[in-house]
Structure formats: C-alpha cells, structure tokens
Amino acid sequence: MNNLKNLRGTVDLFPDQLIKWQNVEKILLEQLFRASIKEIRTPILEMTELFIRGIGEGTDVVSKEMYTFLDRGERSCTLRPEGTASVARALIQNGISSNPLQKLWYMGPMFRYERPQAGRQRQFHQLGVEFIGHDSVRSDVEIIALAWDILGKLGIKELNLEINTLGDNNDRSNFQKSFLKWLETNKDSLDLDSQNRIYKNPLRILDSKNIQTKKVLENAPRLFNFLSEKSHNRYLDLKRQLEVLKIPYVENFNLVRGLDYYTHTAFEITSGALGSQATVCGGGRYDDLIKQMGGPNTPAIGFAIGLERLILLAGKELEIPRNTDIYIINQGLIAESLAMDLSRKLRNYDLLVELDLSGASFSKQFKKANKLKSKSIIVIGEDEAVNGEFIIRLFDQSGNENKEEAISFENDIKLENWINNNLLIN
RNA sequence: GCGGGCGUCGCCAAGUGGUUAAGGCAGCGGCUUGUGGCGCCGCUAUUCGGGGGUUCGAAUCCCCUCGCUCGCCCCA
C-alpha cells in the first residue's frame with residue numbers, strides 16, 4: 001500500500017483544473033501589463049527575522065502560523081506567509097533611491113500553518129501589487145480601482161468593497177492610549193479572545209465578530225475621532241475620488257487589517273459566495289514599513305488577491321479547454337517517422353496538434369480523435385507512406401463523411417492553404 | 001488550537017451485523033485482424049481511509065488515528 005501523501009493543506013492540481021488557473025492568470029497578467037505594472041520575484045524562503053520585523057510579532061500570522069525551521073547552517077528560515085515584507089526587503093537591499101517610484105506585482109505560493117477549510121489552504125497563492133514611493137490619494141484610488149477592475153474583468157459579480165482609514169502613526173498612538181484605558185475598564189464585558197489581545201494587539205479587537213463584543217464596542221472611542229485634520233481630509237478625498245469613478249464602497253470603521261504595517265487607507269473586497277472565508281482581496285497603505293525595516297522613508301500602498309478564492313469565484317466559462325485542431329493517426333514503422341516529422345512541421349502554426357503514440361489499431365486511434373473532439377485528423381499508414389501523401393480530413397462528432405484531401409509530404413504550400421482555409425478561419 | 005458532519009474502485013454512489021460488496025461514468029478488450037458517432041458484448045474493489053477491539057461472523061458496533069468538510073479563530 002502506498003502511504004505517501006501530500007501534506008495537509010496542500011493540493012495537487014491536474015490539467016482539468018489548471019485550465020481555469022491558466023485562463024485566470026492570463027487575464028490577470030494582461031491587466032497588469034496594460035496598467036504598466038512590472039513583475040518582481042523574490043525568494044519563497046527568507047530569514048525568519050524579516051517577517052517578525054515586517055509583519056509584527058504580535059500578529060497571529062507571525063506568532064502561530066509560520067513555517068519556520070533551522071537550515072543546515074543553523075539559520076532560522078521561514079517560508080513566506082505573505083509577499084509585502086519580501087518586496088520591501090528586496091527594494092531596500094538593492095537600493096530604492098535610484099528608482100523611488102515603482103509599481104510592482106508578484107504572484108506565487110505563500111505558506112501559513114492554519115486549519116484548512118474551503119478557500120483556505122496551508123500553501124496558497126497570492127497575486128500582490130505594490131505601489132512604492134507613492135503617497136498621493138490618487139495612488140490609493142488607482143490601487144483600489146485596479147483590484148476592483150481585475151475582479152470585474154474575471155466576470156465576478158456581487159463584490160463588496162469596504163474601506164477604512166487607520167490614520168498615521170500619531171493618530172493611532174493617540175487613539176490607542178484612550179482605547180486602552182477604555183478596554184481596561186470594560187475588560188470583563190469582552191470575549192476571551194479580545195481580552196487576550198488587549199496588550200498584544202488591541203486594534204484587532206475592533207474587528208471581533210463576537211456579537212457581545214461588537215455591541216460593547218459601540219461605546220468605545222473611535223479611531224476616526226482621533227484623526228488629524230490632514231488624515232481626515234485625506235480620507236474624505238479618497239471617498240470623493242472613488243465616487244467620481246463610480247466604484248461603490250461601504251465604510252467599515254472596524255476594518256483593521258491583520259498585519260501591523262498598515263496606515264491610513266485599509267480596504268477589503270469580499271464576496272458572499274465564499275462562505276466564511278469571504279475576503280478575496282485585502283490591502284492598504286503602509287507608509288512606515290520600509291523605513292522601519294531600515295530603508296529610506298518611503299510611502300507605499302498595495303493589495304493581495306487570494307488566487308484559490310479567485311478561482312472559486314471566477315466563471316465556469318474559464319474552465320473550457322481548447323480542443324485539438326489536428327489529431328495525427330499513424331501506424332507502421334515508416335509511417336510513424338513521417339507522422340512525427342509532420343507534427344513538428346505543424347508546430348509552426350497556431351494549432352493544437354496531437355500525435356498519437358499508442359501504436360494501437362486505426363479504429364482505436366479514430367475513437368480517440370473523436371473523444372478529443374478534434375477538429376481534423378491526419379491519417380498516415382503504410383499506404384500513405386508508400387504513396388508519399390497523407391490524408392487530412394475535417395472531423396466532426398457526428399461520424400458523417402467530411403471534407404478531406406490527400407496532400408504530398410513535400411507539398412507545404414498545399415498543406416498551408418488547407419490549414420488556412422479550414423482550420424484557421426476563426 | 002477548539003466544536004459539528006463525513007470517509008465504500010480514478011469519479012458518482014447502493015449496502016447499517018450473516019454465504020461470492022449493487023449500479024452508473026471513466027478506463028481496457030471485442031463486434032469492426034486499416035477507418036470515427038451511436039449501439040451491443042465482456043473485463044476492471046479478496047475489500048470498504050489506516051490501525052486495534054467486540055463477535056461464530058463486521059463495510060456495517062466500539063476505541064484510536066489520518067484525511068476531507070462546515071463553523072469558531074485568523075486571513076487572501
């Protein structure tokens with residue numbers, strides 16, 4: 001008995017499923033290309049320290065969800081749980097000042113040790129976009145619009161955009177002082193999880209889903225009231241610009257992202273179709289991160305889209321594979337090499353060509369071609385090998401006689417004409 | 001990390017203590033020894049996620065374990 005299995009929370013993807021992945025990725029890449037956003041690739045494995053400093057020690061991601069181990073050189077390594085910290089590190093390390101304004105994207109696997117469920121795996125994939133060095137409200141708007149449009153391009157309906165502002169460092173520490181006092185006096189009315197967060201990560205308490213806690217929080221001080229005039233105006237401007245673009249949003253004053261580095265704008269795009277893992281896209285501004293990590297003072301904003309959740313939401317039309325254009329039926333020693341040679345020649349065209357390698361009877365090979373819904377077939381057997389010409393035939397599912405032609409192995413012009421007239425029309 | 005549901009062939013499943021574990025799809029072989037669809041015929045689980053136990057007897061009952069799934073938590 002084979003007891004080798006994939007690790008929990010990881011999956012194997014097979015061709016049938018990957019059609020949808022490939023189609024989705026193709027649309028994503030096209031949108032990013034058109035918006036002139038450039039790709040960056042950073043290592044999947046990084047020093048553990050990077051995430052502790054970048055994401056924040058108090059976060060759940062860092063404190064209990066990382067895949068961390070010692071390598072053979074006794075260095076503590078971690079499989080990346082998200083992409084932003086690595087991008088920031090790479091930019092700082094390679095000299096950010098020579099290119100202070102950048103629009104970047106990345107895509108790839110991320111790892112978090114969590115209990116798997118629908119839309120949540122231990123190895124999952126994210127597309128992330130980061131605008132580095134941009135501090136204008138317009139960059140916030142472009143980031144949000146980009147995320148919104150990408151999801152729209154994939155035909156995903158019924159999405160909700162939630163926005164909030166977290167203010168700058170100053171606003172937040174003013175708020176936290178007052179909030180902490182309030183938490184201490186109201187500690188007993190909070191749920192246990194929230195009580196545990198009071199000193200570790202008080203902001204997250206705002207995002208609690210506990211009904212009782214939610215109710216009590218209604219009387220808590222609001223971050224919004226601690227915003228400086230500048231921060232406040234920034235937020236109003238963001239809303240105004242979103243309205244101009246007719247991007248519908250809902251304000252959620254309790255929206256706090258789970259990673260420590262966010263400032264000002266925070267947003268999430270959710271879908272009811274995903275069950276409890278409703279967030280398909282999350283992002284926000286992180287003006288202090290790069291400086292905190294030892295780089296120059298560089299504002300930035302970004303988002304990440306969860307690809308597994310995106311695949312769940314994307315339409316069925318993206319699951320349809322392209323059918324074979326030409327299926328080459330062949331048998332016999334000479335015929336088989338002629339067939340192989342012809343298949344190579346056919347790769348010069350935008351055609352999906354499959355060479356039958358089974359050596360099975362012609363009947364079997366025909367059945368296979370039929371099963372694959374091949375648009376046409378080429379037959380090469382001993383007769384064809386002797387005569388120096390092959391038969392190419394249009395081939396529809398009904399099994400009726402179809403237009404066919406004998407073409408010499410040397411007559412490339414005739415072959416090309418036949419392809420142009422019969423296969424490349426639409 | 002905590003709670004609920006589930007686990008029979010590659011996929012979908014019937015079977016809830018009693019001789020050989022239905023059926024469908026897919027796959028393979030044949031009818032057609034070199035020509036498709038459709039159709040017809042045949043083959044494909046010594047075994048019920050894994051391990052232990054109860055019993056004359058277990059896929060069916062009990063325990064443990066693994067996995068999936070839903071919710072909590074967290075997040076994308």
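Proteins get letters first, then strands, A, B, ... in listed order; numbering begins at 1 in each.
Computed from coordinates, the A:K375 NZ to B:G36 C1' distance equals 18 Å when rounded to whole Å. The distance from atom CG of A:D356 to atom P of B:G36 is 15 Å, rounded to the nearest whole Å. For the pair A:D191 CG and B:G1 C1', the interatomic distance rounds to 16 Å; values are reported in whole Å.
Using P as the reference atom, B:C25 and B:G37 are 16 Å apart when rounded to the nearest Å. One P atom belongs to B:U8, the other to B:C61, and the distance between them is 15 Å to the nearest Å. Look at the P atom in both B:U69 and B:G29: the space between them is 35 Å, to the nearest Å. For the C1' atoms, the distance linking B:G17 with B:G57 amounts to 8 Å, nearest Å. Comparing B:G5 with B:C40, their C1' atoms sit 43 Å apart, to the nearest whole Å. Atom name P, nucleotides B:C12 and B:G49: the rounded distance is 14 Å, in whole Å. Rounded to a whole angstrom, the distance from the P atom of B:C28 to that of B:C38 is 14 Å. To the nearest whole angstrom, the two P atoms, one in B:A58 and one in B:C48, are 12 Å apart.
Judged as a side-chain hydrogen bond (donor to acceptor under 3.5 Å, both in side chains), and not counting sequence neighbours, the contacts of A:E251 are A:Y235, A:K239. Judged as a side-chain hydrogen bond (donor to acceptor under 3.5 Å, both in side chains), and not counting sequence neighbours, the contacts of A:K403 are A:N422.
For A:R344, the CZ atom sits in a loose shell: 12 or fewer heavy atoms of surrounding residues, nucleotides or ligands are nearer than 6.0 Å. Annotation: A:F33, atom CZ; neighbour count of heavy atoms from other residues, nucleotides and ligands within 6.0 Å does not exceed 12. Within 6.0 Å of the CD atom in A:E184, the count of heavy atoms belonging to other residues, nucleotides or ligands exceeds 12.
Not a single donor-acceptor pair under 3.5 Å links the side chain of A:N411 to the backbone N or O of A:I407. Side-chain atoms of A:T48 come within 3.5 Å of backbone N or O of A:S76 as a donor-acceptor pair. No donor-acceptor pair closer than 3.5 Å links the side chain of A:R122 to the backbone N or O of A:P116.
Relative orientation of the A:F226 and A:F175 rings is perpendicular, given thresholds of 30° and 60° on the angle between their planes. Ring geometry, A:F131 versus A:H134: the interplanar angle falls from 30° to 60°, so the pair is classed tilted. A:H125 and A:W21 have perpendicular rings, their planes meeting at more than 60° on a 0 to 90° scale where under 30° would count as parallel.
Contacts with RNA chain B (heavy atom under 4.0 Å) in residues 33-41 of chain A: none are found.
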> Tell me, for nucleotides 69-76 of chain B in 5' to 3' order, what letter each nucleotide earns: B for a base near a protein heavy atom under 4.0 Å, S for only sugar-phosphate near one, - for neither?
Replying inline: BSBBBBBB
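Figure legend. B:G17 is base-paired to no nucleotide; pairs are counted as Watson-Crick or G-U wobble with both atom distances under 3.5 Å. In this structure, B:A58 forms no base pair with any nucleotide, since neither Watson-Crick nor G-U wobble geometry is met with both distances under 3.5 Å. Look at B:A26: it lacks any Watson-Crick or wobble partner with both distances under 3.5 angstrom. Partner assigned to B:G71 is B:C2, using Watson-Crick or G-U wobble distances below 3.5 angstrom.
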At a cut-off of 3.5 Å, list every protein nitrogen or oxygen paired with a nitrogen or oxygen from nucleotides 31-35 of chain B, distance to 0.1 Å.
from	atom 1	to	atom 2	distance (Å)
B:G34	O6	A:E382	N	2.8
B:G34	O6	A:D383	N	3.3
B:G34	N2	A:E384	OE1	3.4
B:U35	O2	A:R393	NH2	3.4

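Under 4.0 angstrom from either OP1 or OP2 of B:C28 there lies no side-chain N or O belonging to A:K364.
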Cut-off 3.5 Å, no hydrogens considered: what does the side-chain donor-acceptor table look like for residues 104-113 of chain A, sequence neighbours left out?
from	atom 1	to	atom 2	distance (Å)
A:W105	NE1	A:I37	O	3.4
A:R112	NE	A:P81	O	2.8
A:R112	NH2	A:P81	O	2.9

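Counting non-hydrogen atoms under 4.0 angstrom, A:G83 reaches nothing in the nucleic acid.
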